[in-house]
Every structure is written in C-alpha cells, then in structure tokens.
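Have a look at the structure below, then the notes.
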Amino acid sequence: MKAILQRVLSASVTVEKEVVSSIGKGILVFAAVAPGDTEKEAESLAAKVLKLRLWDDDTGGRWRKSVMDINGEVLCVSQFTLLASTKKGNKPDFHGAMGGEEAKRLYEYFFKKVQQGYVADKVKNGVFQAMMEVALVNDGPVTLELSAGPKPTPTPPTPKQPPSQ
C-alpha cells in the first residue's frame with residue numbers, strides 16, 4: 001500500500017456536486033492498494049497514519065505531536081493513480097494498482113483500521129471508485145509519502161564460479 005499524507009487546516013470531498021465528507025485541522029490521506037497487499041500492510045499503514053508526529057508541541061518542540069495528540073481529524077481518499085508508472089511513453093500505466101473488489105475490500109479495511117485506532121467520528125472517507133473533487137488547505141505545507149508493502153522474497157545468492165583456466 002502507498003499513501004500520501006498532507007497536513008491540512010481543512011479538507012473536503014465532493015461527489016456529483018454534493019459534499020460527502022469534510023474535516024477541519026488534521027490529515028488528508030490519499031491511499032492506494034497494490035497487487036500483493038494484504039491486511040497486514042493495511043494495518044501497518046493505518047497505525048503509521050495515526051502515530052506520525054507532524055505538529056509542534058506547546059513549547060516549540062518540532063515534530064512532536066500526532067493527529068491524535070492534537071485531537072485532529074483524518075480524511076481518507078482512495079486514489080489508485082498513486083501507483084501509476086510513467087516510465088514508458090506519455091500515458092500512465094496503472095498495472096501497479098490492485099483492481100476490483102479486492103482493492104475495495106483492502107481499502108475499506110484500511111479505513112476501518114484508522115477509525116478503530118482513533119475516534120471513529122473523527123475519521124472520514126471519500127467514495128471508492130467515484131470521480132471526486134478533493135479540496136484542501138495545506139498546512140505548512142507538509143506532505144509525506146508512506147509505503148507498506150509485502151516483504152520481498154530474498155533471492156538466494158548465486159554461488160561464485162571458480163575462474164576458468
């Protein structure tokens with residue numbers, strides 16, 4: 001899974017001219033599910049979103065408080081385009097994103113884990129696979145990229161061949 005976090009003063013999601021979610025001070029999370037992702041990656045990413053220290057403390061200490069510490073809000077938005085490849089040509093390739101029902105299930109699992117880790121009514125959601133208008137007032141700006149992926153299977157080292165004679 002991959003996520004882009006933005007520290008915001010406010011953010012909202014509009015679908016078909018109707019505001020479906022909005023938050024005040026907190027974190028806007030754009031999240032994408034990749035092939036091979038499991039509930040383990042969703043849980044790891046959800047925990048990181050809530051624990052990252054993105055705000056200063058009252059004494060001016062930098063990067064000391066999390067969204068929970070400031071009693072902030074979280075807005076999660078599914079965004080498969082985060083996993084696009086633009087290495088070839090000018091058209092993005094989205095094969096790096098999981099599709100269909102499994103992507104929806106894992107994204108919803110991620111969202112539920114963020115809610116369960118905090119106060120449920122402080123965690124809002126966009127609409128999976130909808131065309132959304134996302135508005136935000138960035139605070140800082142502070143924007144971070146997070147990843148939680150399955151551990152790659154280690155490749156055994158190739159044995160060294162003795163030099164040819």
Side-chain angles (χ1 to χ4, degrees), residues 1-13 20-86 92 94-130 132 134-154:
M1 282 190 82
K2 183 175 188 177
I4 301 293
L5 271 59
Q6 294 192 306
R7 189 176 75 181
V8 298
L9 296 175
S10 63
S12 64
V13 173
V20 295
S21 291
S22 64
I23 63 168
K25 186 175 183 175
I27 301 174
L28 172 61
V29 182
F30 293 104
V33 182
D37 284 342
T38 66
E39 291 175 353
K40 182 178 179 183
E41 285 78 36
E43 290 168 6
S44 173
L45 198 61
K48 191 78 164 176
V49 164
L50 294 173
K51 292 177 183 175
L52 263 178
R53 295 178 297 179
L54 302 177
W55 286 269
D56 297 346
D57 67 16
D58 299 333
T59 64
R62 307 282 293 166
W63 310 104
R64 300 276 175 88
K65 291 189 170 190
S66 70
V67 70
M68 296 187 297
D69 295 332
I70 66 154
N71 202 29
E73 296 177 283
V74 180
L75 175 56
C76 297
V77 176
S78 62
Q79 188 176 351
F80 77 96
T81 60
L82 292 178
L83 296 169
S85 172
T86 56
F94 299 108
H95 288 96
M98 183 184 287
E101 289 304 308
E102 183 63 5
K104 182 176 183 177
R105 185 190 73 76
L106 275 173
Y107 171 78
E108 292 297 334
Y109 184 81
F110 161 76
F111 173 72
K112 290 289 183 207
K113 285 297 176 184
V114 176
Q115 280 188 315
Q116 290 169 2
Y118 191 27
V119 177
D121 67 353
K122 289 188 173 284
V123 181
K124 309 290 175 55
N125 203 359
V127 179
F128 191 86
Q129 288 186 326
M132 294 177 271
V134 180
L136 68 128
V137 177
N138 205 315
D139 180 18
V142 173
T143 303
L144 301 172
E145 179 180 337
L146 302 179
S147 294
K151 298 260 191 261
T153 308

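We're numbering straight along the sequence, starting at 1.
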Inset, instruction - Kindly indicate whether the side chain of Lys25, heavy atoms from C-beta on, has any atom under 4.5 Å from the side chain of Glu73. - result: no

Inset, instruction - Look at Glu145 together with Lys2 and state whether they make a salt bridge at an N to O cut-off of under 4.0 Å. - result: yes

Legend entry - Residue list, side chain to side chain donor-acceptor pair (under 3.5 Å) with Lys113, at least two apart or on another chain: Gln116

Inset, instruction - Please lay out, stage by stage, how Lys65 and Asp57 fare under the test salt bridge (Lys or Arg N to Asp or Glu O under 4.0 Å). - result: CA-CA 6 Å; Lys65 291 189 170 190; Asp57 67 16; over 6 Å; no

Inset, instruction - Determine yes or no for a side-chain-to-main-chain donor-acceptor pair under 3.5 angstrom, with Asp139 supplying the side chain and Leu9 the backbone. - result: no

Legend entry - No-hydrogen, no-angle side-chain donor-acceptor test under 3.5 Å, Glu41 and Ser44: no

Inset, instruction - Could you list the residues that satisfy side chain to side chain donor-acceptor pair (under 3.5 Å) with Thr81, not counting sequence neighbours? - result: Gln79

Inset, instruction - For residues Val8 and Ile23, determine if any side-chain heavy atom of one lies less than 4.5 Å from a side-chain heavy atom of the other. - result: yes

Inset, instruction - Check whether any side-chain heavy atom of Asn125 lies under 4.5 Å from a side-chain heavy atom of Glu108, and answer yes or no. - result: yes

Inset, instruction - Indicate yes or no: does Arg105 engage Glu39 in a salt bridge with an N to O separation below 4.0 Å. - result: yes

Legend entry - Side chains of Val13 and Leu75 in contact at under 4.5 Å (non-hydrogen atoms): yes

Inset, instruction - State, yes or no, whether a side-chain contact exists between Leu136 and Gln6 at a heavy-atom distance under 4.5 Å. - result: yes

